[in-house]
> 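Quick one: this structure, given as structure tokens, is what I'll be asking you about.
Side chains included, hydrogens not; waters and symmetry mates left out as well; all remaining heavy atoms used. All of these numbers come straight from a predicted model, not from anything done at the bench.
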Amino acid sequence: MTDQLSLALMAIGLGVLAAVALLVPFVAISYRRRGTVTLGRALVWAAALVYSWSIWTYTLLPLPDPDDLVCQGRNLQPGQFLRDLVGVWSEHAGSWRALVLDPVVLQLVLNVALFVPLGFFVRWLGGRGALLAGMAGLAVSGLIELTQLTGVWGLYDCAYRVFDVDDLLMNTAGAVIGSLLGLVVPRRLRGLDRSPDADRPRPVTKRRRLLAMLLDLLGTLLTTIVVSVAVNAWLLYMADDREEIGQAPAAYIGPVVTALIWLVVVLATGRSVGDLAVRLDWRGSPQPAALSRVLRYLTGIGGYTVLGLVPGWGEGAAGVLGLAILVTALATDNGRGLPGLATGHRLVDDRDQPEGTR
């Protein structure tokens with residue numbers, strides 16, 4: 001029971017991490033395919049990510065200790081589960097409770113239930129029918145079974161779990177059932193097709209502006225982490241002695257590269273990555289475009305990132321600037337905040353016809 005709970009928590013944790021890592025592109029794609037992003041659809045995609053991890057953790061983990069490995073057999077006879085069910089029926093005749101709780105029955109039910117969400121997500125998020133859901137179920141199940149049969153593709157000397165062709169049948173059936181259940185979702189909410197009104201301008205709200213700010217903060221954090229890890233990995237590969245490396249190079253290179261990336265984006269487009277994701281635009285500044293874009297950078301996530309690089313007082317100053325950005329976003333119309341006050345820009349939907357200049 002403890003192992004199963006640990007695996008469930010692992011799947012949830014990995015799914016949440018994946019959702020966070022993919023939030024910026026998800027929001028950007030949603031605004032271009034659907035015209036906006038909704039909490040409900042975001043939660044469905046997050047659930048799909050958690051489910052995708054849960055399949056692998058439930059079917060492949062925990063991995064056994066090689067010293068304690070017990071090789072498992074295989075069932076290559078399709079329909080063996082029917083013969084097993086007949087035996088169970090005969091054994092528990094007259095007792096429905098004993099029949100339902102029999103391990104053979106529970107195993108069949110779980111094998112079906114495990115793949116019901118797959119078919120449901122294929123229908124809802126992919127917009128595809130039962131045939132493709134069944135094929136997806138068969139493919140995923142086959143990959144899992146082969147991984148078990150080959151001892152994680154040679155990591156172990158033999159199969160550490162039973163390979164069963166009936167599992168393929170039950171998993172596929174579960175995916176088809178899930179696809180049929182997905183028919184309850186209204187057709188307009190299914191699939192990845194572009195909404196007819198995707199290019200219709202939406203109201204610019206403070207919530208939308210705050211989402212853009214969150215995406216900038218999350219984007220800079222993830223970019224810094226990725227760059228820092230890459231730099232450390234390269235230094236470890238090149239260095240003869242780990243003690244020669246230290247933390248200084250990656251600690252500075254990551255934030256510097258991130259700050260430069262956001263600077264290039266703002267100077268080239270007049271908008272931050274978060275603004276671009278939620279389709280916000282800054283227009284109507286009386287200042288020259290180059291100056292207004294520099295101010296836009298310094299009074300937003302760019303200034304926050306740059307101040308964080310300054311030793312000593314920099315982190316405190318970054319915190320004060322971050323608080324000022326948040327407070328002014330909440331206090332000003334449309335959430336234009338400190339960048340809007342500094343540049344004189346209006347905050348509009350980028351699908352609106354341009355009026356004036358940036």
Side-chain angles (χ1 to χ4, degrees), residues 7-59 106 108-144 167-203 205 207-208 211 214-215 218 277-279 349 351:
L7 293 177
L9 293 175
M10 179 187 297
I12 293 173
L14 291 172
V16 170
L17 287 176
V20 170
L22 296 173
L23 183 60
V24 175
F26 170 76
V27 171
I29 293 172
S30 294
Y31 264 91
R32 285 150 183 79
R33 303 294 296 177
R34 296 274 171 178
T36 186
V37 64
T38 62
L39 178 60
R41 193 168 182 83
L43 290 176
V44 172
W45 276 101
L49 288 172
V50 171
Y51 168 72
S52 66
W53 282 106
S54 69
I55 285 185
W56 299 105
T57 57
Y58 177 77
T59 57
L106 289 176
L108 288 174
V109 172
L110 288 174
N111 277 332
V112 173
L114 182 62
F115 275 67
V116 168
L118 176 61
F120 188 81
F121 288 132
V122 168
R123 171 79 68 175
W124 189 348
L125 299 179
R128 298 297 184 263
L131 177 60
L132 188 60
M135 294 173 61
L138 179 61
V140 173
S141 179
L143 180 59
I144 292 171
D167 287 351
L168 298 175
L169 299 177
M170 294 300 100
N171 294 157
T172 303
V176 172
I177 292 172
S179 176
L180 297 177
L181 293 175
L183 291 171
V184 302
V185 179
R187 185 179 294 274
R188 62 184 175 82
L189 298 179
R190 298 183 214 153
L192 300 171
D193 293 339
R194 198 168 187 270
S195 299
D197 64 345
D199 289 327
R200 176 174 60 82
R202 265 62 170 187
T205 63
R207 184 170 59 180
R208 186 170 167 189
L211 176 59
L214 174 63
L215 295 179
L218 182 62
V278 302
R279 306 202 67 168
D349 189 301
R351 290 162 288 196

> Could you tell me whether the side chain of Y58 reaches within less than 4.5 Å of the side chain of L110, counting heavy atoms only?
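Yes, close enough: below the 4.5 Å cut-off.
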> Which pair of heavy atoms, one from A48 and one from L125, lies closest together, and at what distance?
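That would be CB-CD1, 3.9 Å.
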> Does I177 reach the side chain of F115, with side-chain heavy atoms less than 4.5 Å apart?
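A side-chain contact under 4.5 Å is absent here.
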> Measure the CG-CZ distance between L189 and R41 for me, rounded to the nearest 0.5 Å.
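So the CG of L189 and the CZ of R41 are separated by 7.5 Å.
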> For the residue pair A19 and A46, what are the closest heavy atoms and their distance?
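Shortest heavy-atom contact: CB-CB, 4.3 Å.
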> Does some side-chain heavy atom of R207 sit less than 4.5 Å from a side-chain heavy atom of L211?
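Result no, sub-4.5 Å side-chain heavy-atom pair not found.
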> Show the numbers, then the answer: is there a side-chain contact (heavy atoms from CB on, under 4.5 Å) between L22 and W45?
CA-CA 10 Å; L22 296 173; W45 276 101; over 6 Å; no
> Give me the atom names and distance for the closest heavy-atom approach of A11 to W53.
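For A11 versus W53, the nearest heavy atoms are O-CB, 3.8 Å.
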> So, taking the atom named CG in L114 and the one named CG in D167, what distance separates them when rounded to the nearest 0.5 Å?
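Interatomic distance, L114 CG to D167 CG, rounded to 0.5 Å: 10.0 Å.
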> So, applying side chain to side chain contact (heavy atoms under 4.5 Å, CB included) with V116, which one of L181, N171, L180 is it?
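Answer after filtering L181, N171, L180: L181.
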> With a 4.5 Å limit on heavy-atom distance, are the side chains of V185 and R123 in contact?
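Side-chain contact under 4.5 Å: no.
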> Under 3.5 Å, is there a donor-acceptor pair between the T36 and R202 side chains?
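On atom types as modelled, these side chains do not qualify, holding no pair under 3.5 Å.
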> Judged by atom type as modelled, is there a donor-acceptor pair below 3.5 Å linking the side chain of T205 to the main-chain atoms of R208?
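Such a contact is found between T205 side chain and R208 backbone.
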> For G134 and V176, work out which heavy atoms get closest and say how close.
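Here G134 and V176 meet closest at CA-CG2, 3.8 Å.
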> CG of L49 to CG of L14: how many Å apart, nearest 0.5 Å?
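The distance works out to 10.5 Å.
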> Can you tell which of I55, L168, T59 makes a side chain to side chain contact (heavy atoms under 4.5 Å, CB included) with S141?
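For S141, the side chain to side chain contact (heavy atoms under 4.5 Å, CB included) check succeeds only for L168.
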> Looking at every non-hydrogen atom in both residues, tell me the closest pair between V122 and A136 and how far apart they are.
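For V122 and A136, the tightest heavy-atom pair comes out as CG2-CB, 4.5 Å.
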> Tell me the salt bridge (charged side-chain N to carboxylate O under 4.0 Å, His left out) pairs involving residues 174-194, sequence neighbours left out?
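The answer is R194-D199.
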> So, taking the atom named CD1 in I12 and the one named CE in M10, what distance separates them when rounded to the nearest 0.5 Å?
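Going from CD1 on I12 over to CE on M10, the span is 11.5 Å.
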> Got a donor-acceptor contact below 3.5 angstrom from the R32 side chain to the A28 backbone?
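A pair under 3.5 Å: yes.
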> Using modelled atom types and a 3.5 Å cut-off, is there a donor and acceptor pairing between side-chain atoms of S179 and backbone atoms of A175?
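A pair under 3.5 Å: no.
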> Should Y31 and R351 be marked as a side-chain contact (heavy atoms from CB on, under 4.5 Å) after you check the CA-CA gap, both sets of side-chain angles, and the distance that decides it?
CA-CA 11 Å; Y31 264 91; R351 290 162 288 196; 4.0 Å; yes
> Run the numbers on L143 and W56 for side-chain contact (heavy atoms from CB on, under 4.5 Å), then give the verdict.
CA-CA 10 Å; L143 180 59; W56 299 105; 3.5 Å; yes
> Looking at every non-hydrogen atom in both residues, tell me the closest pair between P25 and A21 and how far apart they are.
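Closest heavy-atom pair between P25 and A21: CD-O, 4.3 Å.
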